[in-house]
2 protein chains.
Amino acid sequence: MPPKHSHKRDSIAEVICSSKAHPSADTVYAVLRESYPSISLATVYRNISQLRADGVIKSVGVVEGVERYDGDLSDHPHFVCESCGAVIDIEPQDALGNSSDEQIAEKYNVEVTGRHVVYYGRCGNCREKNK
Amino acid sequence: MPPKHSHKRDSIAEVICSSKAHPSADTVYAVLRESYPSISLATVYRNISQLRADGVIKSVGVVEGVERYDGDLSDHPHFVCESCGAVIDIEPQDALGNSSDEQIAEKYNVEVTGRHVVYYGRCGNCREKNK
DNA sequence: TTAGGTGCAAACCCTTTGCAGCAAG
DNA sequence: CTTGCTGCAAAGGGTTTGCACCTAA
């Protein structure tokens, strides 16, 4: 049978995709309570999980113990404020190797104190196991 | 008065700094139970926190819900296996812009499916607040 | 009718903290 | 002494899950 439709799931996706703040589950929950006063946090978590599996949204990592999500699936850098936890998009052309910290600092009005490059995938062990 | 000395803290730092696996608090705990059968997980967490504040170790982020640590303070890329959670060091010269995914895949025997560049620091708002 | 979606509450799990006792300067 | 370190157990806080009910195809 054809996949079902869920207004709430659509709304959750919309909140994440239309925001530039990389919201957490709890933030999405707070926003949606205005439209769906009875919505449950569990519903938000479950739908976020499914939206991730469906490739509609992705995680940008855990900031201050809370997972943050992004509706922009393109591979791009982020800036994380260590004071308030804000997550800011950095344009791909400003990535490491193309731009200095000073250039990023000026362009995005931030102070860069550190950077981190992470690759994801499967390690040699897991590939051997045909996982 | 001069700062005190703690054999356990030294051992915790040593486990992290001598490992290339980027261990979690729980992994450190498991290792140290061999030398200190009565050590508490709380002690591991407290000392990790202090070692971080002292700049002896740093966090490499949260993998599968668990924080991982690195005794190599240099700014370098990592590879995270999405199957088993392994964290592998990537040499700085292989960072984005200097190396293709294929080159990384071959050199480190991994399969790269994604990458992420993160800058850390203070955002404009927080700088205005003189935080 | 029937697989999937939802709310609620409890469970989970990693991490932190309060407290009393211990150890080192 | 006096400050810091430790173990224990409990508390915290974000996320997941079991269950019964509801909803859309």
Side-chain angles (χ1 to χ4, degrees), chain A residues 1-16 21-54 56-70 80 82 84-85 87, chain B residues 1-16 21-54 56-70 80 82 84-85 87:
Chain A
M1 55 232 41
K4 293 231 190 154
H5 207 48
S6 161
H7 287 166
K8 287 174 185 170
R9 176 142 63 238
D10 292 345
S11 297
I12 289 166
E14 222 246 309
V15 169
I16 295 171
H22 311 85
S24 64
D26 198 69
T27 302
V28 173
Y29 173 63
V31 170
L32 289 185
R33 291 239 279 181
E34 296 167 14
S35 336
Y36 305 96
S38 69
I39 195 173
S40 158
L41 191 49
T43 295
V44 175
Y45 275 110
R46 272 187 290 238
N47 279 306
I48 282 179
S49 177
Q50 173 141 6
L51 289 167
R52 279 227 270 172
D54 293 346
V56 176
I57 63 173
K58 65 175 184 178
S59 167
V60 295
V62 176
V63 177
E64 292 175 347
V66 184
E67 185 131 42
R68 305 282 286 272
Y69 306 96
D70 195 341
V80 175
E82 294 177 313
C84 69
V87 178
Chain B
M1 52 234 43
K4 293 230 188 152
H5 213 238
S6 161
H7 288 166
K8 287 175 185 170
R9 176 142 62 237
D10 292 345
S11 297
I12 289 166
E14 223 246 309
V15 169
I16 295 171
H22 311 84
S24 65
D26 198 70
T27 301
V28 173
Y29 174 63
V31 170
L32 288 184
R33 290 239 281 180
E34 297 166 14
S35 337
Y36 305 95
S38 68
I39 194 173
S40 157
L41 191 48
T43 295
V44 175
Y45 276 109
R46 271 187 291 237
N47 279 306
I48 282 178
S49 176
Q50 174 141 7
L51 289 167
R52 279 228 269 172
D54 293 346
V56 176
I57 62 173
K58 65 174 183 178
S59 168
V60 295
V62 176
V63 177
E64 293 174 347
V66 183
E67 184 131 41
R68 304 283 286 272
Y69 306 96
D70 196 340
V80 175
E82 294 176 314
C84 69
V87 178

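Scope of the values below: all heavy atoms of this structure, side chains included, with no hydrogens, waters or symmetry mates. Residue numbers begin at 1 in each chain, while the letters A, B, ... track the order of the sequences.
Among the nucleotides D:dT15, C:dT17, D:dG7, the one closest to any side-chain atom of B:Lys8 is D:dG7. Out of D:dC5, D:dC8, C:dG7, the shortest distance to the side chain of B:Gln50 is found at D:dC5. The A:Val66 side chain lies nearest to D:dG14 when the options are D:dG7, D:dG14, C:dG5. When the nucleotides C:dC8, C:dG5, D:dG7 are ranked by their closest atom to the side chain of A:Arg9, C:dG5 comes out on top.
You'll find the side chain of B:Tyr45 stays beyond 4.5 Å of the side chain of B:Ile48, heavy atoms only. Counting only heavy atoms from C-beta outward, the side chains of B:Val87 and B:Asp70 never approach each other to under 4.5 Å. Within the 4.5 Å cutoff, the side chain of A:Leu51 has heavy atoms near those of the A:Ile12 side chain.
For B:Arg46 against C:dG18, a side-chain N or O and a base N or O form a donor-acceptor pair under 3.5 Å.
Note: CZ (A:Arg68) to P (D:dG14) measures 13 Å, nearest angstrom. Rounding to whole angstrom units, CD of residue A:Glu64 and P of D:dT15 are separated by 13 Å. Atom pair A:Leu41:CG and D:dT17:C1' shows a separation of 13 Å (rounding to whole Å applied). For the pair A:Asp10 CG and C:dT6 P, the computed distance is 10 Å after rounding to whole Å. Put simply, NE2 on B:His7 is 9 Å from P on C:dG25, counting in whole angstrom units. B:Ile39 has its CD1 atom 15 Å from the C1' atom of C:dC22, to the nearest Å. Atom CD1 of A:Ile12 and atom P of D:dT15 are 14 Å apart (whole Å). Atom pair B:Arg52:CZ and C:dT15:C1' shows a separation of 12 Å (rounding to whole Å applied).
Using a 4.0 Å heavy-atom criterion, one finds that B:Asn47 contacts the sugar-phosphate atoms exclusively. Residue-level contact check: A:Ser38 touches the backbone only, with heavy atoms under 4.0 Å from sugar-phosphate atoms and none from bases. At a threshold of 4.0 angstrom between heavy atoms, the contacts of A:Ser24 with the nucleic acid are absent.
Projected onto DNA chain C by closest heavy-atom contact, B:Ala42 and B:Gly65 fall at different nucleotides, the more 5' of which corresponds to B:Gly65. Between B:Glu67 and A:Tyr36, the residue anchored closer to the 5' end of DNA chain C is A:Tyr36, taking for each the nucleotide with the nearest heavy atom.
For the residue pair B:Ser24 and B:Val66, the shortest heavy atom distance occurs at CB-CG1, 3.4 Å.
Side-chain atoms of B:Arg68 come within 3.5 Å of backbone atoms of B:Ala21 as a donor-acceptor pair (strictly under, hydrogens ignored).
When the side-chain nitrogen and oxygen atoms of B:Ser6 are compared with OP1 and OP2 of D:dC5, none of them lie within a distance under 4.0 Å. Contact annotation: B:Tyr45 does not reach the phosphate of C:dT16 (side-chain N/O to OP1 or OP2, under 4.0 Å).
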